[in-house]
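Notes to accompany the following structure.
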Number of protein chains: 2
Amino acid sequence: MLEAKKVLKKSNLRPTSQRVAIVDYILQKNKVHITAAKLITHFKNKNISISLATIYNNLNELADKGILRKFYVNNDKMWFDSNLQDHYHFYDSEKDELIDIDKNEISFSKSPKIPDGKIKDSINIIINLKNKN
Amino acid sequence: MLEAKKVLKKSNLRPTSQRVAIVDYILQKNKVHITAAKLITHFKNKNISISLATIYNNLNELADKGILRKFYVNNDKMWFDSNLQDHYHFYDSEKDELIDIDKNEISFSKSPKIPDGKIKDSINIIINLKNKN
DNA sequence: TTATAGTTTAGAATCATTCTAATAATCTAA
DNA sequence: TTAGATTATTAGAATGATTCTAAACTATAA
Ligand SMILES: [Mn+2]
Ligand SMILES: [Mn+2]
Ligand SMILES: [Zn+2]
Ligand SMILES: [Zn+2]
């Protein structure tokens, strides 16, 4: 069975052609940072037509299932990340591109005290890059 | 002269009633995290009417002048921060509220290598909080 | 004063994302 | 293998935050 189909089956998602295409893409390039717009463009270039609503539905579903991770970077674009490891990002605004920073490339020697009654949910670290000079 | 007016004068911004109201608010509560929507509500409660466009115009202008700092938190809301120190944030999604983390409450013992041809522009660290249990 | 440049505003426009509700595909039990 | 039920896809409308437009207003300096 196609790897993409296995992934979908394991998450109880029907292997529609659209889903297979999306999961396939994610599996092929491992460690992807995707945006709905980027995905649509990718599929358009390959003459695969998937509606924007479906792209969003599925990326969100995959995030719900824990196959992708979802977050936002600075502006109001939603990003999906197939790297499930704990990690951080450089953001290259020139290219509108994220670059992974491995968890062990940043170490904290001191961490702030969490406010009373609360616990840490997730940490977002984004280092915004600009061109030298 | 009113403190707010001095601030505006120093930045070459005409002290209109709307601007004075906004800067006044920022000066009174020092260290504020504001959102256009929050400001509008605040002024509505005090029966001061300032249009949404003006709120945005002025918050953005104040950010341009370096009187506020502008950034985004997770979702697509724009935040303005009157704390100009280098610092980070907790985000309490329950209350839709930011809490400052002083720069010296986090220390890095290891920092990632910046990609070639690039330099660090800014760092965003947001620790998302959720309620205990 | 008055002319000019700067400001405010209502409402339209934009853009990313979600919703709606009609249609289509997949699955399952018999 | 089907029929019926369930789940997915889709076009297009709706939403919400922000910005734009262009007309009316205000501050300022001469
Ligand atoms: Mn939005
Ligand atoms: Mn937006
Ligand atoms: Zn990543
Ligand atoms: Zn702050």
Side-chain angles (χ1 to χ4, degrees), chain A residues 1-2 4-25 33-44 48-65 67-68 70-80 91 93 96 98, chain B residues 1-2 4-24 33-44 48-65 67-68 70-80 93 96 98:
Chain A
M1 203 199 299
L2 203 64
K5 290 199 177 181
K6 282 187 205 154
V7 169
L8 288 168
K9 177 155 239 187
K10 208 184 301 172
S11 292
N12 280 318
L13 293 170
R14 291 183 178 175
T16 61
S17 67
Q18 293 86 343
R19 280 192 183 136
V20 170
I22 293 171
V23 173
D24 230 40
Y25 174 76
H33 299 112
I34 343 173
T35 255
K38 285 185 194 298
L39 247 196
I40 277 275
T41 302
H42 168 80
F43 286 128
K44 236 173 229 144
I48 296 172
S49 124
I50 303 182
S51 80
L52 186 56
T54 298
I55 297 274
Y56 274 108
N57 286 344
N58 283 307
L59 289 177
N60 277 315
E61 249 158 10
L62 293 172
D64 288 348
K65 300 291 185 178
I67 290 164
L68 293 175
K70 169 178 169 178
F71 56 88
Y72 297 80
V73 179
N74 300 342
N75 55 7
D76 58 0
K77 245 185 279 119
M78 191 179 264
W79 286 84
F80 294 87
Y91 178 63
S93 59
D96 191 31
L98 291 173
Chain B
M1 202 199 302
L2 203 63
K5 288 199 179 181
K6 280 187 205 153
V7 169
L8 288 168
K9 176 157 240 184
K10 208 184 298 173
S11 292
N12 280 317
L13 293 170
R14 290 184 182 177
T16 62
S17 67
Q18 294 86 343
R19 280 193 183 136
V20 170
I22 293 171
V23 173
D24 230 40
H33 298 113
I34 343 173
T35 254
K38 284 184 194 299
L39 248 196
I40 277 275
T41 302
H42 168 80
F43 286 128
K44 236 173 228 144
I48 296 171
S49 125
I50 303 182
S51 80
L52 186 55
T54 298
I55 296 274
Y56 274 110
N57 286 344
N58 282 307
L59 290 177
N60 277 316
E61 248 159 11
L62 293 172
D64 288 348
K65 299 291 186 179
I67 291 165
L68 293 176
K70 169 178 168 178
F71 56 89
Y72 297 80
V73 179
N74 301 344
N75 54 7
D76 57 0
K77 246 184 279 118
M78 192 180 263
W79 287 84
F80 294 87
S93 60
D96 191 31
L98 291 173

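- For the pair A:Asn60 CG and C:dC19 P, the computed distance is 9 Å after rounding to whole Å.
- Residue B:Lys38 qualifies as enclosed at atom NZ: its count of foreign heavy atoms under 6.0 Å is above 12.
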Mind running side chain to side chain contact (heavy atoms under 4.5 Å, CB included) on A:Asp24 and A:Leu2 for me, showing each step along the way?
CA-CA 9 Å; A:Asp24 230 40; A:Leu2 203 64; 4.2 Å; yes
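- At a cut-off of 3.5 angstrom, counting only N and O atoms as typed in the model, there is no donor on one side facing an acceptor on the other between the side-chain of B:Arg14 and the base of D:dT28.
- Between B:Lys5 atom NZ and D:dT28 atom P there is a gap of 8 Å when expressed in whole angstrom units.
- Looking only at side-chain heavy atoms (C-beta outward), A:Ile55 and A:Phe43 come within less than 4.5 Å of each other.
- Rounded to whole Å, atom P of C:dC19 lies 15 Å from atom CG of A:Asn58.
- One can place CG of B:Asn12 at 13 Å from C1' of C:dA5, the figure rounded to the nearest angstrom.
- Close to C:dA25, at under 4.0 Å from its OP1 or OP2, lies no side-chain N or O of A:Gln18.
- Counting only heavy atoms from C-beta on, A:Pro15 has its side chain closest to C:dC27 among D:dA17, D:dA11, C:dC27.
- Looking at heavy-atom distances under 4.0 Å, B:Asn57 makes contact with a base.
- Between C:dA16, D:dC20, D:dA8, one nucleotide has an atom nearer to the side chain of B:Ala53 than all others, and that is D:dC20.
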Mind running side chain to side chain contact (heavy atoms under 4.5 Å, CB included) on A:Lys77 and A:Asp96 for me, showing each step along the way?
CA-CA 10 Å; A:Lys77 245 185 279 119; A:Asp96 191 31; 3.2 Å; yes
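- Heavy-atom nearest nucleotides on DNA chain D were determined for B:Leu52 and for A:Glu61, and the one closer to the 5' end corresponds to A:Glu61.
- Between C:dT26 and A:Thr16, no contact under 4.0 Å exists linking OP1 or OP2 to a side-chain N or O.
- Within the nucleic acid shown, A:Thr54 comes within 4.0 Å of at least one base atom, counting heavy atoms only.
- At whole-Å resolution of the value, CG in A:Leu13 and C1' in C:dC27 are 14 Å apart.
- Both A:Thr35 and B:Arg19 sit near DNA chain C, but only B:Arg19 has its closest nucleotide nearer the 5' end.
- The interatomic distance linking A:Lys9 (NZ) with C:dT26 (C1') rounds to 12 Å, in whole Å.
- Between A:Lys65 atom NZ and D:dA8 atom C1' the separation is 14 Å, expressed in whole Å.
- Side chain of A:Lys65 to main chain of A:Ser11: a donor-acceptor pair is present (N/O by atom type, distance under 3.5 Å, no hydrogens or angles).
- Spacing between atom CD1 of B:Ile22 and atom P of C:dT8 amounts to 8 Å, rounded to whole angstrom units.
- Across all strands shown, B:Ile50 has heavy atoms under 4.0 Å from sugar-phosphate atoms exclusively, and none from any base.
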